[in-house]
Amino acid sequence: MSSETQVIIETTQTTVDETLGQIMKSNTFKLANFGKNLIRRILTTSATTVSIGIVSVLAFAIYRSYKQPKSRMNSKNPVSLDSYVEPDIGKSKRTKEQLDEIQKRLDEFKLSDEILKQIMDILEAEMEKGLDRATHSEADVKMLPTYVCQLPTGKESNDILALDLGGSNFRVLYIRLRENEEPVIVNKVFIVSESIMKGTGEKLFSHIASCLYLFMKNHNLDMTRTYPLGFTFSFPCRQLGLSKAILLRWTKGFLCSDVVGEDIVATLQKYIDARGDIKVKVCVLINDTVGTVMSTAYYDRKTALGLILGTGTNACYIENIDRIGILDSYVDPDQKQMLVNTEWGAFGENGSIDFIRSRYDEEIDKTSINVGKQIFEKMVSGMYLGELVRLMILELIDRELIFVDEMKKNAYRHALFTKGSFYTKYLNEIETDSNTKFTRTKRILKELAGIENPSNEDCAVVKCICMAVTKRAAKLTSAGLAVILKRMNKAECTIAVDGSLFRYHPRMQAVCEKTLTNLVSSLNKFKIVLSTDGSGKGAAVVAAVAAENDPIFK
């Protein structure tokens with residue numbers, strides 16, 4: 001079997017997994033599993049039958065499109081939330097005083113439209129400060145220029161490598177772009193251990209370069225040619241050009257302090273070159289949010305706003321260049337617009353939104369590795385929502401408002417009493433649980449706290465806590481998106497979204513759509529689209545454009 005055929009087969013198998021993984025979520029398990037096994041057998045038979053597998057994948061994708069509701073332009077009837085009704089915690093043996101105590105804590109997460117509009121005004125003022133050279137240094141929301149001035153045309157063509165670093169995992173990708181063809185993508189996920197995350201810059205970037213070599217070797221890429229590489233780097237940087245970016249600070253648990261203030265592109269290039277066994281040139285560095293926009297814009301030219309809502313959160317959008325007062329470097333005078341990276345996770349660091357923070361938000365901040373930083377992110381992103389729920393559950397236990405009898409049998413030795421043990425994925429499961437049986441909730445409580453048979457009344461409280469925390473996250477995110485939609489004032493705008501929290505939470509998109517509809521004018525129509533492999537493909541698209549003007553790739 002040729003190496004090219006092997007790459008196609010491997011890519012097609014990845015496509016099978018991703019496409020059918022989505023189909024499985026639509027309750028067609030038997031059909032999807034049958035199709036998956038069939039296609040894999042076809043793929044391993046011979047290279048000549050690869051096309052049959054691809055056709056099968058497309059057939060399933062078409063079936064999927066029939067089963068799912070179509071994207072809507074600012075529909076007044078967003079995805080139904082009827083199936084996500086909060087359980088009634090009043091139907092219990094608790095006293096009125098006890099119910100009031102529980103409700104008082106739940107109310108700390110409630111946000112009216114009036115409060116959301118107040119938050120919007122504060123955020124817009126911070127964005128203006130970030131764009132103004134005179135006030136930029138004191139702004140929480142830094143509004144960083146990306147030097148990405150053009151959306152893709154769909155005509156980009158090259159063989160590209162890409163890196164995507166944004167958390168405890170990072171990906172290496174090979175992307176083949178050809179005009180009028182679907183991109184061919186092969187990727188592999190590598191782990192960034194905690195010791196590397198909190199070690200030196202040399203340890204981190206030499207690890208990345210080593211993984212890049214292993215990927216190229218294992219996928220039989222041509223080691224004699226020079227590949228352009230697009231680097232999606234999901235941390236705050238001051239961009240001085242497409243291939244020059246100074247790291248401002250680490251987030252998401254990284255603490256490689258000796259790299260702060262350094263040019264990330266030059267640092268990565270140094271460790272790639274030091275190996276001497278691969279030829280790779282880092283052409284561009286972009287943020288994952290920019291990558292999400294560029295990937296979606298490859299198919300949808302109305303894409304102008306990108307959102308990341310996963311481990312962390314961020315947004316970027318198309319801004320008029322004459323409003324970006326902090327631009328230092330030369331920009332082509334023919335360019336009128338540029339993608340701006342808001343870095344809105346830092347919103348609130350100056351105390352401007354303290355009036356909506358709960359006691360649990362304050363506790364999370366106090367015990368974090370970056371006290372006083374990323375305040376907005378700590379209220380909305382997947383890294384923190386599970387911990388918010390855990391802290392509230394523990395307080396209710398301590399005040400003997402839930403699990404009273406069960407806790408008498410425990411010695412507080414279970415995982416629930418350990419920081420970070422209540423994963424955000426548990427919220428997804430609990431919020432889709434039955435309001436009468438609470439099967440998933442009981443299983444999770446048994447795993448975390450050793451509670452063998454929690455009452456339905458206590459399970460209802462846990463579910464209400466989860467729903468309150470995630471609903472607030474969705475509303476705050478929507479308020480931020482509403483500010484940007486109003487600022488761009490486009491008749492139609494596609495919002496490209498990526499991130500595990502938004503992608504997998506059962507009602508995050510529905511709450512966002514409903515809240516956005518209430519906050520923006522009916523003249524500003526919007527459509528929310530889940531980006532597919534945004535950070536990888538987006539970096540490749542930008543790198544392909546840059547490589548066209550670089551003689552090293554001719």
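Quick note: numbers below take in every heavy atom, side chains included, and nothing from hydrogens, waters or symmetry partners. Just so it is clear, the model here is predicted, and its values are computed rather than measured.
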Under a 3.5 Å cutoff, is there a donor and acceptor pairing between the side chains of K378 and N370? yes
Side-chain contact test, heavy atoms from C-beta onward, threshold under 4.5 Å: evaluate it for L131 versus H136 and give yes or no. no
Any heavy-atom pair between the side chains of V497 and V529 that's under 4.5 Å? no
Donor-acceptor pair, R133 side chain versus L327 backbone, under 3.5 Å? yes
Between D277 and K217, does any NZ, NE, NH1 or NH2 come within less than 4.0 Å of an OD or OE carboxylate oxygen? no
Distance from L501 atom CG to T470 atom OG1, nearest 0.5 Å? 8.0 Å
Would you check if S195 and K203 make a side-chain contact, meaning some heavy-atom pair closer than 4.5 Å? yes
For the pair K525 and E492, find out whether any cationic side-chain nitrogen is under 4.0 Å from an anionic carboxylate oxygen. no
Atom pair SG/CD of C283 and Q269 - distance to nearest 0.5 Å: 8.5 Å
Under 3.5 Å: donor-acceptor pair, side chain of T296, backbone of T292: yes
What verdict does the side chain to side chain contact (heavy atoms under 4.5 Å, CB included) test give for R301 and L151, after you've listed the backbone C-alpha separation in whole Å, the side-chain angles of each residue and the deciding distance to 0.1 Å? CA-CA 8 Å; R301 298 287 291 172; L151 295 178; 3.6 Å; yes
Give the intermediate values and the outcome of side-chain hydrogen bond (donor to acceptor under 3.5 Å, both in side chains) for residues S234 and D288. CA-CA 5 Å; S234 307; D288 56 348; 3.1 Å; yes
When you measure from the side chain of T424 to the backbone N and O of G382, does any donor-acceptor pair fall under 3.5 Å? yes
Think R176 forms a cation-pi with Y174, using NZ or CZ under 6.0 Å from the six-ring centre and within 45 degrees of its axis? no
Can any side-chain N or O of K142 pair as donor or acceptor with the backbone N or O of S137 at less than 3.5 Å? yes
If you draw a 6.0 Å radius around OH in Y423, do more than 12 non-hydrogen atoms from other residues or ligands fall strictly inside? no
Could E262 and R249 be called an ion pair, given the rule that one side-chain N must be under 4.0 Å from one carboxylate O? no
Could you point out which residue of N314, N287, T289 forms a side chain to side chain donor-acceptor pair (under 3.5 Å) with T342? N314
Using only heavy-atom distances, determine whether the side chains of T224 and K279 contain a donor-acceptor pair under 3.5 Å. no
Over all heavy atoms of both residues, which pair between E156 and A544 is shortest? Give the atoms and the distance, please. CB-CB, 4.2 Å
State, to 0.1 Å, how close S478 and L516 come at their nearest heavy-atom pair, and which atoms those are. O-CD2, 3.5 Å
Between K373 and E349, is any pair of side-chain heavy atoms under 4.5 Å apart? yes
Is there a side-chain contact between S193 and I196 in this structure, where contact means two heavy atoms from C-beta onward sitting under 4.5 Å apart? yes
In this structure, CG of L242 is separated from CZ of F231 (nearest 0.5 Å) by 15.0 Å
Can you tell me how far the OH atom of Y147 sits from the CD atom of Q239, to the nearest 0.5 Å? 8.0 Å
Evaluation steps, side chain to side chain contact (heavy atoms under 4.5 Å, CB included), between F526 and T494: CA-CA 6 Å; F526 64 86; T494 297; over 6 Å; no
Please assess R225 against D159 for the test salt bridge (Lys or Arg N to Asp or Glu O under 4.0 Å), listing each intermediate value before the final yes or no. CA-CA 11 Å; R225 63 165 288 185; D159 292 346; 3.5 Å; yes
Establish, yes or no, whether the cationic atom of R487 lies under 6.0 Å from the six-membered ring centre of Y317 and within 45° of the ring axis. no
Does any donor atom in the side chain of D258 or T200 lie under 3.5 Å from an acceptor atom in the other side chain? no
For the backbone of I191 and the side chain of H207, can you confirm whether one donor and one acceptor N or O come within less than 3.5 Å of each other? yes
Please check if atom CD in E128 has more than 12 non-hydrogen atoms from other residues, nucleotides or ligands closer than 6.0 Å. yes
Is there side-chain contact between V520 and L485, with at least one heavy-atom pair below 4.5 Å? yes
Examine K198 relative to F254 and say whether NZ or CZ is less than 6.0 Å from the centre of the six-membered ring and inside a 45° cone about the ring axis. no
Quick one: do D132 and R323 make a salt bridge, cutoff under 4.0 Å? no
Measure from the side-chain N and O atoms of T226 to the backbone N and O of V280, and report whether any donor-acceptor pair falls under 3.5 Å. no
Would you sort out whether L163 and R171 count as a side chain to side chain contact (heavy atoms under 4.5 Å, CB included), showing the intermediate values? CA-CA 6 Å; L163 291 174; R171 292 184 304 150; over 6 Å; no
Is any side-chain heavy atom of I264 closer than 4.5 Å to one of F205? yes
Counting distance only, does the side-chain N/O of D164 pair as donor-acceptor with the main-chain N or O of F170 below 3.5 Å? no
Quick one: do N320 and K336 satisfy side chain to side chain contact (heavy atoms under 4.5 Å, CB included)? Show the steps, please. CA-CA 6 Å; N320 294 331; K336 304 300 180 185; over 6 Å; no
Closest heavy-atom pair, N428 versus Y504, reported as atoms and distance to 0.1 Å, is ND2-O, 3.7 Å
Backbone N/O of G480 and side chain of W344: donor-acceptor pair under 3.5 Å: no
Short question: side chain of D263, backbone of V265 - any donor-acceptor pair under 3.5 Å? yes
What's the separation between atom CD1 in I369 and atom CD in Q374, rounded to the nearest 0.5 Å? 10.5 Å
Restricting to non-hydrogen atoms, name the atom on A539 and the atom on T232 that form the minimum distance, rounded to 0.1 Å. CB-OG1, 3.2 Å
Decide whether a cation-pi geometry holds between K188 and F190; the criteria are a distance under 6.0 Å from NZ or CZ to the six-membered ring centre and an angle within 45° of the ring axis. yes
What closest approach, in Å, do L165 and I208 show between heavy atoms, and which atom pair accounts for it? CD2-CD1, 3.9 Å
Above 12 or not: heavy atoms from other molecules or residues under 6.0 Å from CD of Q335? yes
From the options L161, V172, V284, select the one residue that forms a side-chain contact (heavy atoms from CB on, under 4.5 Å) with L229. L161
Is a salt bridge present between D140 and K129, judged by a nitrogen-to-oxygen distance below 4.0 Å? no
Please name the pair of heavy atoms, one in L385 and one in A473, separated by the smallest distance, quoted to 0.1 Å. CD1-CB, 4.1 Å
Would a distance-only check, ignoring hydrogens and angles, find a side-chain to backbone donor-acceptor pair under 3.5 Å from T515 to C512? no
Distance col, row L481:CG vs I528:CD1, nearest 0.5 angstrom, shows 7.0 Å
Under 4.5 Å between any side-chain heavy atoms of K537 and M294, yes or no? no
